[in-house]
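Structure first, then comments.
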Amino acid sequence: MPQEEPLLAPRPSSDRSSMRNAEEEDALLTGEHTHRRTPRRALYREISLFTWALLATIAVIILSVFYNHELNKNQTGTKKPWGPGGKPSGKRNMIFMVSDGMGPASLTMTRNYRQLVDGLNADDILVLDKHIIGTSRTRSSNSLVTDSAAGATAFSCGLKTYNEAIAVLPDHSPCGTVLEAAKMAGYMTGMVVTTRLTDATPACFASHVNRRKYEDRIAEHEIGEYPLGRVVDLMFGGGRCHFLPNSTDGSCRGDDKDLVELAKKKGFHYMQDRKGFDALNGGTEAKLPLMGLFADTDIPYEIDRRSQKKVYPSLEEMARTALKALSQATENTEQGFFLMIEGSRIDHAGHSNDPAAQVNEVLAYDKAFASVLEFLDQDSTPGVLVSTSDHETGGMALARQLHPTYPDYEWFPGVLANASHSTEYVNDQLKGILSSNKDKSDKQQAVRNLLYKGLGISDASDDEVNAIINANSTWPPQYVLADMISRRAQIGWSTHGHSAVDVNIYASSTKDAWPLVGNNENTDIGSFIAAYLDVDLKEVTKKLKSSGSWSSSVLAGPEVINEDEFNWMGHPLQENVRTEGLDTYHGDFKKRNVDADLGEYGSGCGCGDH
Ligand SMILES: *[C@@H]1O[C@H](CO)[C@@H](O)[C@H](O)[C@H]1NC(C)=O
Ligand SMILES: *[C@@H]1O[C@H](CO)[C@@H](O)[C@H](O)[C@H]1NC(C)=O
Ligand SMILES: *[C@@H]1O[C@H](CO)[C@@H](O)[C@H](O)[C@H]1NC(C)=O
């Protein structure tokens, strides 16, 4: 895609047409005379100036079109200029943060919420707000609405791919990632997430599979069971169930491979709980490689975790510990480190349409962002922090018309402040009530109590309570709960899936992330990371393809593939699934597949899928 000049870039001065001086330029632009003339000569002057202006304008337009054309041609596959900081050189660190599913409305919501709850002024804004540098266009190769897999592949490989693809391209070939390239160039590498380490975002940095649901396989790649061997030095997050053999409690693997044992054999130091995490002493006691799997699947939402702090570390704690561990491990090395940190569950709260859960996720992300800034401030090795989202989730709107009459211009963060838990948590509690053999009115009362205790809702209508008690799989109780709190806060949602809106880019400074100032394609972010680290992704791709485990026969289509040649990436999509180009409307407004599963979010962890 052609790239525009960065928003804040110094504009080229008038030297594109150096025959004009500044005064004349002014005159051409404003149509005003630069000097007073005598009235008699004014008419001639007027006419000739007008002609001049017309001709010059045409010339400038032609020149600038030509110039831009040349510029675009030259920029294809190259980077935008480095700007005032110059091309980075010497030892350096890169921290890349992903706020999964966080769109612009999430920021406004969280800012408004924080100001209310903490009693702050309107200009007391989030740390993120102070570091916005641009926006990212998020479409994938086969849809205007990306998923997290294609979104993260844009960051990790710098290339567009199809929804569901984990660091593989539309032709089902693997693409080298910035993390792999960093490792090969001598950097230390790490990943910190609050969801499963086998989920799409982390997966796209350290594994290659044709479909995101092959989470068992992703786990294998991440510990080094794939053509490049081990590339990750530090992993913190959830998803333990994909690393345990199916004979063990808490496993969700489809086979009996014990990846924890295998990882240990490969040298990983392993921990599975808060106690193990605390023993790292903020990172000073960390020995790499290190794998910390702190939950079977996801680490609970911050709104729920805050009452279980002794069980699960926060995103900020994990980020600080990872930064300490990596900086310590690279103290005497030539290269620094690359660390990816994901606020994974902002997205989940969006899928759930749960604003109270989301506002706390974004606050936790803001804190983690601030902790990385603090690290960069204090560390002697220079570095950059870039943060962005893969896409927006939920189509969130901060105002909602609840009645046919013209609405008041309001939304109410106080409603969110009254919630003490996520709808996910309340939904879990609800199961006990719904499956009990209480009579109807006892159930109704129990539901009312739970609504008050969990969501701070004291004015539930009978219809709402009954909708929860009588909920079915097409309109599950969690949807009802989310709708109840969202209506009261006057927050709107257009979907339980993703949306196509541009998302924000944040950085530690514009100077160090100059090429990302302004509006970017999401792939520009991947290209920037590679350029900042000065690594060659194509070399890694070549290595992946020449590993003997991948064959170009895969390109001939699923029906002629020799399975052994591609099986380390799992089965490709079926032949009839489009990996490039956009679909069009075909009466979809009428279609409603009630049997369809709930998609990415509802289908959960992909347990047992290979
Ligand atoms: C566990 O996985 C093995 C294959 O590795 C399979 O043969 C066995 O049936 C599985 N056991 C269960 C309980 O799913
Ligand atoms: C929050 O909860 C309190 C106590 O139940 C209630 O009085 C208040 O109206 C609630 N506020 C909002 C905005 O829902
Ligand atoms: C499920 O519940 C919703 C809301 O109560 C209702 O409109 C719908 O008809 C129900 N569907 C089924 C299949 O029972």
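By convention here, the first residue in the shown sequence is residue 1. Computed over heavy atoms, backbone and side chain alike; hydrogens, waters and symmetry mates excluded. Quantities reported herein were computed from a predicted structural model and do not represent experimental measurements. Atoms within each ligand, like the ligands themselves, are counted from 1 in listed order.
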Other residues, nucleotides, ligands: >12 heavy atoms within 6.0 Å of Tyr452 OH: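 Not buried by this count: 12 neighbours or fewer within 6.0 Å.
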Name the orientation class of the two ring planes belonging to [X] and [Y] (parallel below 30°, tilted from 30 to 60°, perpendicular beyond 60°).
X	Y	result
Tyr425	His421	parallel
His391	His498	parallel
Tyr301	His348	perpendicular
Phe369	Tyr506	perpendicular

N/O donor-acceptor pair under 3.5 Å between Tyr113 side chain and Leu363 backbone: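 Side chain of Tyr113 to backbone of Leu363, a donor-acceptor pair under 3.5 Å: no, none is there.
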Protein contact for atom 7 (O) of ligand 1 (heavy atom, distance under 4.0 Å):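 It does not; no protein heavy atom is within 4.0 Å.
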Atom 11 (N) of ligand 2 protein-contacted (non-hydrogen atom, under 4.0 angstrom):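 Under the 4.0 Å cut-off, atom 11 (N) of ligand 2 does have protein heavy-atom neighbours.
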Proximal atoms of ligand 2 relative to Gly414 (non-hydrogen, under 4.0 Å):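 Reading through ligand 2 atom by atom, the close ones are 13 (C).
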Mode of Phe412 contact toward ligand 2 - side chain, backbone, both, neither (heavy atoms, under 4.0 Å):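 It is neither; nothing of Phe412 touches ligand 2.
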Atom 3 (C) of ligand 1 - nearest protein heavy atom and its distance: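 That would be Asn246 ND2, 3.7 Å.
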For atom 4 (C) of ligand 2, closest protein heavy-atom neighbour: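 Atom 4 (C) of ligand 2 sits closest to the protein heavy atom Tyr452 OH, 3.9 Å.
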Ligand 1 atoms in contact with Gly254 (distance to a heavy atom under 4.0 Å):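 With Gly254 as reference, the close atoms of ligand 1 come out as 2 (O).
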Closest to atom 2 (O) of ligand 2 among Ile457, Val415, Leu416, Asn418 (heavy-atom distance):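 Nearest option to atom 2 (O) of ligand 2, by heavy atoms: Asn418.
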Check: Asp255 N/O within less than 3.5 Å of ligand 1 N/O: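 No: no nitrogen or oxygen of Asp255 is under 3.5 Å from one in ligand 1.
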Sulfur-sulfur distance Cys157/Cys204 under 2.5 Å: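 Answer is no: Cys204 does not pair with Cys157 in a disulfide.
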Residue portion contacting ligand 1 (non-hydrogen atoms closer than 4.0 Å) for Asp256: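 Both backbone and side chain of Asp256 come within 4.0 Å of ligand 1.
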